[in-house]
Amino acid sequence: MRYLILSDIHSNLEALEAVLTDSAGLYQQVVCLGDIVGYGANPNEVTAWVRQNCEAVIRGNHDRACTGMSDLRFFNPVAKAAAEWTRTKLEPDHLIYLSGLPRGPFDVADCRLVHGSPLDEDTYVISIPDAEEQLQSLERGLIFFGHTHIQGGFGRRGSGDEVEGLSPYELVIAAEEDALLVNPGSVGQPRDNDWHAAYAIYDAGTRQIEFRRCPYDVDAAQRKIVEAGLPLALAERLGLGL
Ligand SMILES: [Fe+2]
C-alpha cells in the first residue's frame, strides 16, 4: 500500500490541488497530520476534500483554535485573526467534523501519525536535541509528524544511538530497526525557505519515503487572502516560504 502523506494544508486550496495533480497515480490512500484549516482563504473547500478523501486524519493546534477548542491568548496576533476569521466562515458541519478529530498518536499500517510530536501534539520538533528527547522512549518505529512546516525529519538508524537529520532531498528507507521521525512538510504554508507545496509518499511495502515538492498558483492563494481581509503577512509569507 502506498500512502499520500499530507500535513498543514492550512486552507490553501491552490496548494492542495497542485499536490493532488503532482501525486496522481502514486498512492492508494491519503493520511493527514492536522492543521487542515487556519491561515488560508478556503477552509470549507479544503475541509470538504479532507472529509471525503482521507483514510486517517488527526487534529492540529489550528483545527482546535478555529473550532473554539483552545485559548487564542497563546496565538500570535496574525494566527489569532486567521483563527477567528476561519471560525466565522466554517460551515456548521465542517466545524463539527473538525472539532471531533482525534488527537494523535494514531496508528495506520506500520506507522504512527502525530501532529507535533509523539509525546505532545503541540510540541515543535525542530532540532536534533528535540528529536533525541522524543526518540528516547522509542526503540524502533516510523512516526510521521507535522507542525513545524519543515520537510525532512530525524532518525536513529540501525543499532547506533546517534540521532541525525534526514535530508528532504534523499529517499528514506525505513529499516526494521530504525527509529524515525519524518515530516512531509507543509502543503499550504511551507516555512523551509521554499514556497513550493510539500508532501511525501510512503510505500509500506518497500518502506520507502519520498519527499516531494511542487509549484502552485501562489498569486491566486495570496489574492484570496487579501480579498478576504486576512492579515497581509499571511499572503506575503507564502511567496517566501517562511
Ligand atoms: Fe501548522
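Note that ligands are numbered from 1 as they come in the structure, with each ligand's atoms numbered from 1 the same way.
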Enquirer: To the nearest 0.5 Å, what is the distance between OG on S7 and CZ on F144?
Expert: 11.0 Å
Enquirer: What is the name of the N/O/S atom of H10 that is nearest to the Fe ion (ligand 1)?
Expert: NE2
Enquirer: The Fe ion (ligand 1) and H149: any N/O/S contact shorter than 2.8 Å?
Expert: yes
Enquirer: Salt bridge between D192 and R213, side-chain N to carboxylate O under 4.0 Å?
Expert: yes
Enquirer: Tell me, yes or no, whether the heavy-atom count around R112 atom CZ, taken from other residues, nucleotides or ligands under 6.0 Å, exceeds 12.
Expert: no
Enquirer: Would you say R140 and E176 make side-chain contact, with heavy atoms under 4.5 Å?
Expert: yes
Enquirer: Of all the N, O or S atoms in D8, which one sits nearest to the Fe ion (ligand 1)?
Expert: OD1
Enquirer: Looking only at N, O or S atoms, find the one in D35 nearest to the Fe ion (ligand 1) and name it.
Expert: OD2
